[in-house]
Each structure stands twice: as C-alpha cells, then as structure tokens.
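Labels below follow one simple rule: chain letters A, B, ... track the order of the sequence lines, proteins then strands, and each chain is numbered from 1.
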Protein chains: 2
Amino acid sequence: MPQDSLEASPSPRKRTRAGAPRRATVPQILNAAEWTFGTRGLKGTRLEDIAKVCDIPKGNILYYFGSKEDLYNATLSRLLDVWLTDADHWLSSDKDPLDGLRGYIEAKIAFSRARPEGSRLFAQEVLSGGHMVQDFLRGELRAHVARHVAIFLEWQAKGIMAPIDPTHLLFLLWSGTQAYADMQVQYEAVLDRTPLTDGDYETAVTTLMTLVRPLFSQPASGALEADENKTLKRSL
Amino acid sequence: MPQDSLEASPSPRKRTRAGAPRRATVPQILNAAEWTFGTRGLKGTRLEDIAKVCDIPKGNILYYFGSKEDLYNATLSRLLDVWLTDADHWLSSDKDPLDGLRGYIEAKIAFSRARPEGSRLFAQEVLSGGHMVQDFLRGELRAHVARHVAIFLEWQAKGIMAPIDPTHLLFLLWSGTQAYADMQVQYEAVLDRTPLTDGDYETAVTTLMTLVRPLFSQPASGALEADENKTLKRSL
DNA sequence: GTCTATATGAAGATAGAC
DNA sequence: GTCTATCTTCATATAGAC
C-alpha cells in the first residue's frame, strides 16, 4: 500500500467494511492524476479534468485527498516506488555485464513505452526544481546510484569494463531511455510516425547497446559488422 | 529581429523615434520570460513574476505582448532560432567525424550550461504535448535531422562509421546533452554538488565521446586504454 | 505611446446536506 | 462515510488615464 502513505485519509478509525467506493475510486483517481499531472504539470492540471476522467464530481477528489498538492504528492510517491525497483535487479556484479545492461536498458525503454505519463510526471517535477522529490533524490536515488556505480567499478577493477565515469554513464542511460517517453512527440514528429512502432523501440535498444557494447569488448566486437577477424585477446 | 516576428506590436506605422523604453524593455521581458516559463511552465508562470524581475508593472507586459500566450510563443521562437544554428555547423561530411562530433557535443553541453532555462523551456513544451512547436518540429527540426542523418549515412557508406541508426544516435546525443540542463537538480542531488563544476561538464563530454568513439575506430581505439598495439587497418 | 485601476472569470477549498 | 453547493481567492485581460 505505497500510495496510502501520503494519502490524507479522514480518520479510518473503526475498521469499517464500507469504503467499497473508496477502494475503487482512489486508484482510479491516482491513475488519472498521473496522466494529467504528467502531461499538463501541477499548475496546468485542473481537478475537474481528473474528475471528468474518473466520472466523479471534482469535490470528491478533495474528499479523498486533502488538497491538490496532496494528490500530486501521492501520485509522485506511488510512481517512485515502482521506478527503482523495476530496473534495480538487472545489474549485479555476478551476472554477465552485457546481459545485465541489455536487461536494464530494455526495462527502462519498456517503462517509457508502457507508462510515458509517469516518466513525464517525474520529468516535469525535476524540471520545475524538484522540490517535492528532494528527499527521494538525496536518499533512495543516491543509494540506487551508489549500488550501480559500485558494480561498474567492480567490473572496471576486474578489467572487463573500459574506464568510463560510472555515474555519468548512468546519466546517459537514464536520459537516453527516458527521452523516449519525455520527448515522445518530438521523436514522433522527426520520424513522422504516431505512435512509434515496435521497431522504433527495438532500434532504440539496439542503438544504445551498440554504444555500450565496446565498453566490454575484447577488443571491440560489434562496432563494425562483418569484421570478426581481428585480435580477440586483450592484454589482460 | 527574430523575436519581433511573433510580437503583437501595436501598429508601428510611422517610423517613430520613440520606443526607447520599448527597445530596452522588450528583450528584458523575453529574458525574464524564458527563465520563468522554463522553470515554472506556461500555466505555472504569473505575469507578475516576470514583471517583478524586470521591475515594471505587470500591465506593461500585456501592452508589449498581446497576451500571456503570445509572450510564451515569442519566447519560444527566439529560443528555437538560436538552438539549431548553434550546433548545426559542427557536423559536415568533409570534416573529421570525431572532431565534428566532439564539437557538436561540446556545443550542446555548453548550451545546457549557459542557458539551462532555455533548454528547460523547450523540454516543458515538448513534455506538455508540444502544441506550440508543432510547426518547428515538423519543419525546421526535421530538416535539421535530415541533414545530419545524411552526413552519418555518408560516413557509413565510406565505411568509416559503424552501422548504427543515425536518427536514434542523434536522439541519444540530444537527450544525453540536454539532460544536463533539464535534469540538473537530479544530477546535482546525485553528485551532491550544487552547482555542477567545470570538471563535471568535462566528464560529461568525455563520457559521451568514449561511447561514440568506437563507432569510428579502426577497429576500436579508446574503448580500453593503453592498448594501441592492435590492427589499425580495416578491410576497406 | 506608455502605464494603471478595475472587471471578469476560473479553479481550489470549505462547509454543510444526504 | 459520501457527495454537492457555495465561497473566496487570484490572475488575466480590458478600458481608460496620463
């Protein structure tokens, strides 16, 4: 029940069996809120818009959540919960690096495709200064980064990964994958396709993998095709 | 006078020598608007905020620009003008690919650093559906992409560039560089530095170059350092 | 041509009905 | 416990003063 943590629930004292409408409505509101906040921002969103999507009177939203800002926070926190856990387990020091990275990249791209509004919501928030997610950024996210950086460093210590700044590499993986949600309309306009196709998202993964692969190559398989006749052993 | 194109100037019929306050005030307003719109979005921005920065009464803004939306459009269009021209000349088929790419990447990062609000303004706009920049996306930007893609394809035809999707590679260059403006607070939180240092931005460039370099390697210089003793000639 | 006081409208929150 | 009518605030835009 991650989303309940921030919810201003009006005294759920006695374990009432009522609240059937509540259990149905609250997640519905959160979904609609994620969509609307993600595309229109906090200020750009009217509670009535969310209400209309849910087909409920706008007052009800303020009944379930105390205020517009509270709803915004609840929506954000539900999102952040999914986020990290989703891609976190892909990278570990014992797995094959390239397999792990491919899984990570595919997971991030899949998220951008499946829940673009979520990605956009977070982007909107960070873009606007990220005041609502300061704790998250300085806490959970920093820990998440530290874990992944440690893995990269381990690989580099073992000599199986090229010397590249681990943190900035992560930044590039984030931005490259999330942009397929955040900059979606830009990409659609450039590619002249709405929506983007399966093939487009596959190409996205392939392109990222092509850039990442040489970091692990002995020496550089895949950079140029049809070229397997080269020195395959490295100095280590 | 790019910004005048969208400006609702009230009948500048007779070539009046007045407008001295105008010439001083209008750019000032546009600068303040770029900042405010970029960090708070269209809806999140109050004309009074912009007015306060410029130290003028808020009514004046509506005098110079017809409406809030008109000011927003003017701000956007001034930004887009700078944008493409800025990095456009770095890539050309006769230059050395890696030099060109380094120039391009450095220019984009420099822009992210020098004018982060501008980058954020554009990001906000695209994130929100990009309705105000549809023409730009489907016109100038698409042409810009076509030019660069053509160069990449030429390099690939010559066999000096690895087979990677040119458009998606561009996407990654954009997202990777712009994120240093758009996701600035996130990066600052992760790196625990505010603001980011010269070194951080240098590392950003280096990291991107490390990923891009193998695309042009004979066969893969730079992927792992201290390893210049390998086959330097390719099959072509 | 430049600036200011006022009107108009919209959206969030509250209090009270069911 | 759930929902709705009303209040209040606040920001844009207008009209008119200087």
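- Side-chain nitrogen and oxygen atoms of N60(A) include at least one within less than 4.0 Å of the OP1 or OP2 phosphate oxygen of dC3(D).
- Listed candidates were dG12(C), dC3(C), dA13(D). Nearest to the side chain of Y64(B) is dC3(C).
- For the pair D55(A) CG and dC3(D) C1', the interatomic distance rounds to 14 Å; values are reported in whole Å.
- Using a 4.0 Å cut-off between charged side-chain N and carboxylate O, R46(A) and D49(A) make a salt bridge.
- Between Y63(B) and dC3(C), a side-chain N or O to OP1/OP2 separation shorter than 4.0 Å is absent.
- Computed from coordinates, the I50(B) CD1 to dA13(D) P distance equals 12 Å when rounded to whole Å.
- Whole-Å rounding puts the D70(A) CG to dT14(C) P distance at 11 Å.
- Residue W174(B) qualifies as enclosed at atom CH2: its count of foreign heavy atoms under 6.0 Å is above 12.
- The OG atom of S119(B) sits 10.0 Å away from the CD atom of E34(B) when rounded to the nearest 0.5 Å.
- Remark: R102(B) does not engage D99(B) in a salt bridge, criterion side-chain N to carboxylate O under 4.0 Å.
- Taking atom CD1 on I56(A) and atom C1' on dT4(D), their separation rounds to 13 Å, with Å as the unit.
- Taking the side chain of R46(A) as heavy atoms from C-beta on, and the options dC3(D), dG1(C), dG12(C), the nearest nucleotide is dG12(C).
- A search for salt bridge (Lys or Arg N to Asp or Glu O under 4.0 Å) contacts involving D200(A) returns R193(A), not counting sequence neighbours.
- Whole-Å rounding puts the L47(B) CG to dA13(D) P distance at 7 Å.
- Distance, L62(B) CG to dA7(C) P: 18 Å, rounded to whole Å.
- What separates CD of E48(B) from P of dT9(D) is a distance of 16 Å, to the nearest Å.
- In the region residues 32-40 of chain A, proximity to DNA chain D at under 4.0 angstrom, judged on heavy atoms, holds for none of the residues.
- Summarising the geometry, the separation between CD1 on I61(A) and C1' on dC3(D) is reported as 13 Å, rounded to the nearest angstrom.
- Contacts classified as ring-ring contact (aromatic ring centres under 6.0 Å, His included) and involving residues 113-132 of chain A (residues at least two apart or in different chains) are given here: W83(A)-F122(A).
- For D135(B), the CG atom is loosely surrounded, since the number of other residues' heavy atoms within 6.0 Å does not exceed 12.
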